[in-house]
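These notes concern the structure reproduced below.
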Amino acid sequence: MKSIGTAQVKPGEKTKGYLQVGSDTDGSPIQIPVLVAAGKKDGPTIWVQAGIHGDEFGGTASIIRFFQELEVEELRGTFVGIPVVNLPSYKARYRTSPIDGDNLNRIFPGNPKGTYSQRLAHTLLQTITENADYMLDLHSGGIGLHVPYFLICRYAETESSEKSLWLAERMGSEVIWRVEGESSTAGVGTDYVMKNGIPAVTIEVGGGNVTEEHEHLYKEAIGNAMKALEMIDGNVPVLDKYTMYKQGDFIFAGYGGMFVPACEVGSILNKGDLIGAIINLHGEVLEELRCSVDNAYLAATGHRYWPAHPGQLIAETYFG
């Protein structure tokens with residue numbers, strides 16, 4: 001019988017298990033939870049994961065709830081849910097790994113003889129490639145940032161890239177960042193999944209606290225993808241128009257201090273528009289952060305009055 005880690009794939013049933021991805025300093029195994037729902041009828045396998053960054057909690061909660069609410073009797077194919085990919089980072093409530101300092105979503109394809117995070121990336125990519133037909137990666141702005149609802153997929157002249165966009169256009173968001181070229185997103189897991197022939201889409205929603213709306217949007221996006229793949233019944237929300245962006249600008253604080261946003265996330269900005277400012281504890285402005293191009297979508301911004309370190313990511317804009 002086929003299994004994902006220790007979770008067996010049993011037609012008509014939901015099963016749970018673990019995927020061993022390393023060991024701790026006391027020799028005990030590091031095991032990430034696996035949720036499997038298998039339909040009695042044939043269909044594709046969709047791999048849905050969250051928690052690649054340990055401070056992004058909305059995707060984790062939504063995968064658990066989606067799995068609990070999924071009617072396996074109506075399912076065609078297999079749903080594989082990984083609520084938390086990066087357990088050490090999740091336990092530390094931090095974006096990067098407390099073990100080796102790596103940002104897991106910037107080091108794919110990994111290295112089977114490298115640090116913990118590099119080995120984890122290698123094992124994860126290998127397991128997805130061996131088991132999945134489609135992949136969804138759930139993200140948010142984490143503790144420090146807030147994002148609206150949008151989707152990301154990589155542009156390439158390949159069948160898996162075109163299928164990724166086809167799927168993204170059926171998941172319910174009007175905004176899609178179709179990443180072109182290499183940038184600070186190099187080493188992203190979904191890019192390498194797609195290079196291995198598996199269509200992959202990133203879902204971005206929220207940040208900070210997990211609201212009911214965030215959970216609803218995550219679950220709706222997963223459900224829409226599965227409807228498009230005819231894994232479950234339902235109408236697919238194909239929109240008349242999509243806003244596509246090709247490039248991204250990542251804006252970092254030059255000074256430490258308190259971030260004061262000047263506009264709402266999701267706004268359309270032009271070159272020179274004020275995104276926000278860094279102030280000190282005397283209330284003096286140390287730095288103004290401004291948009292670098294015209295007609296840019298403010299895809300992420302720091303929380304109001306949150307402290308920031310020099311070099312900390314404060315905002316993201318998409319354009320082109």
Is there a side-chain contact between [X] and [Y], using heavy atoms and a 4.5 Å cut-off?
{"X": "Ile107", "Y": "Ser117", "result": "yes"}
{"X": "Leu138", "Y": "Val48", "result": "yes"}
{"X": "His139", "Y": "Val205", "result": "no"}
{"X": "Val260", "Y": "Tyr305", "result": "yes"}
{"X": "Pro310", "Y": "Tyr255", "result": "no"}
{"X": "Val21", "Y": "Tyr116", "result": "yes"}
{"X": "Val193", "Y": "Leu125", "result": "yes"}
{"X": "Met226", "Y": "Ile232", "result": "yes"}

I'd like to know if [X] pairs up with [Y] as an ion pair, taking the criterion as any Lys NZ or Arg NE/NH1/NH2 lying under 4.0 Å from an Asp or Glu carboxylate oxygen.
{"X": "Glu69", "Y": "Lys219", "answer": "yes"}
{"X": "Glu264", "Y": "Arg304", "answer": "no"}
{"X": "Glu288", "Y": "Arg290", "answer": "yes"}
{"X": "Lys163", "Y": "Asp133", "answer": "no"}

Is it the case that the side chain of [X] and the backbone of [Y] share a donor-acceptor pair, with hydrogens and angles ignored and the cut-off at 3.5 Å?
{"X": "Ser89", "Y": "Thr96", "result": "yes"}
{"X": "Arg119", "Y": "Gly114", "result": "yes"}
{"X": "Thr243", "Y": "Val175", "result": "no"}
{"X": "Asp55", "Y": "Arg93", "result": "no"}
{"X": "Thr158", "Y": "Ser161", "result": "yes"}
{"X": "Glu56", "Y": "Ser140", "result": "yes"}
{"X": "Lys246", "Y": "Phe319", "result": "no"}
{"X": "Asn86", "Y": "His53", "result": "no"}
{"X": "Tyr297", "Y": "Ser267", "result": "no"}
{"X": "Asn280", "Y": "Glu284", "result": "yes"}

Of Leu104, Asp100, Asn111, which is the lone residue that meets side-chain contact (heavy atoms from CB on, under 4.5 Å) with Gln118?
Asn111
Consider side-chain contact (heavy atoms from CB on, under 4.5 Å). Of Val179, Val188, Val201, which one does Ile152 pass it with?
Val179
Counting only heavy atoms not in [X] (residues, nucleotides, ligands), do more than 12 fall under 6.0 Å from its [atom1]?
{"X": "Gln68", "atom1": "CD", "value": "yes"}
{"X": "Glu213", "atom1": "CD", "value": "no"}
{"X": "Asp240", "atom1": "CG", "value": "no"}
{"X": "Lys16", "atom1": "NZ", "value": "no"}
{"X": "Glu230", "atom1": "CD", "value": "no"}
{"X": "Gln126", "atom1": "CD", "value": "yes"}

With distance as the sole criterion, is a donor-acceptor pair present between the side chains of Ser292 and Asp249 under 3.5 Å?
yes
Which pair of heavy atoms, one from [X] and one from [Y], lies closest together, and at what distance?
{"X": "Cys291", "Y": "Leu269", "answer": "SG-CB, 3.9 Å"}
{"X": "Phe250", "Y": "Glu316", "answer": "CE2-CD, 3.4 Å"}
{"X": "Asp294", "Y": "Lys271", "answer": "OD1-N, 2.9 Å"}
{"X": "Lys10", "Y": "Ala38", "answer": "O-CB, 3.4 Å"}
{"X": "Thr301", "Y": "Pro261", "answer": "OG1-CB, 4.3 Å"}
{"X": "Ile63", "Y": "Gly81", "answer": "CG2-CA, 3.9 Å"}

Inter-residue atom distance [X].[atom1] - [Y].[atom2], 0.5 Å rounding:
{"X": "Arg65", "Y": "Ile222", "atom1": "CZ", "atom2": "CD1", "value": "13.5 Å"}
{"X": "Gln31", "Y": "Thr6", "atom1": "CD", "atom2": "OG1", "value": "7.0 Å"}
{"X": "Met258", "Y": "Trp306", "atom1": "CE", "atom2": "CH2", "value": "12.0 Å"}
{"X": "Gln49", "Y": "Met135", "atom1": "CD", "atom2": "CE", "value": "3.5 Å"}
{"X": "Thr202", "Y": "Asp137", "atom1": "OG1", "atom2": "CG", "value": "5.0 Å"}
{"X": "Asn196", "Y": "Ile128", "atom1": "CG", "atom2": "CD1", "value": "9.5 Å"}

Tell me whether [X] shares a hydrophobic cluster with [Y], the cluster being built from Ile, Leu, Val, Met, Phe, Trp, Tyr side chains joined at under 4.5 Å.
{"X": "Leu217", "Y": "Val265", "answer": "no"}
{"X": "Ile143", "Y": "Leu87", "answer": "yes"}
{"X": "Val84", "Y": "Trp47", "answer": "yes"}
{"X": "Leu19", "Y": "Ile52", "answer": "yes"}

Report the C-alpha distance between Tyr134 and Leu167 in whole Å, list the side-chain angles of each, state the deciding distance to 0.1 Å, and finish with yes or no for side chain to side chain contact (heavy atoms under 4.5 Å, CB included).
CA-CA 9 Å; Tyr134 297 88; Leu167 189 60; 4.2 Å; yes
For Asp102 and Arg95, run salt bridge (Lys or Arg N to Asp or Glu O under 4.0 Å): C-alpha distance rounded to whole Å, both residues' side-chain angles, the deciding distance at 0.1 Å, then the answer.
CA-CA 9 Å; Asp102 278 335; Arg95 180 177 178 84; over 6 Å; no
For this output row, return yes or no: ring centroids of Phe150 and Tyr245 closer than 6.0 angstrom.
no
Please step through side chain to side chain contact (heavy atoms under 4.5 Å, CB included) for the pair Ile46 and Thr78, ending with a clear verdict.
CA-CA 6 Å; Ile46 188 167; Thr78 304; over 6 Å; no
Is there a ring-ring contact (aromatic ring centres under 6.0 Å, His included) between Tyr318 and Trp177 once you walk through the steps?
CA-CA 7 Å; Tyr318 302 153; Trp177 181 24; 4.0 Å; yes
Quick one: do Glu169 and Val238 satisfy side chain to side chain contact (heavy atoms under 4.5 Å, CB included)? Show the steps, please.
CA-CA 6 Å; Glu169 290 177 335; Val238 179; 6.0 Å; no
Which is it for Val285 and Ile278 under the side chain to side chain contact (heavy atoms under 4.5 Å, CB included) test, yes or no, and what are the steps along the way?
CA-CA 6 Å; Val285 175; Ile278 302 293; over 6 Å; no
So Glu162 and Arg178, salt bridge (Lys or Arg N to Asp or Glu O under 4.0 Å) or not? Walk me through it.
CA-CA 11 Å; Glu162 291 304 315; Arg178 200 174 189 200; 3.0 Å; yes
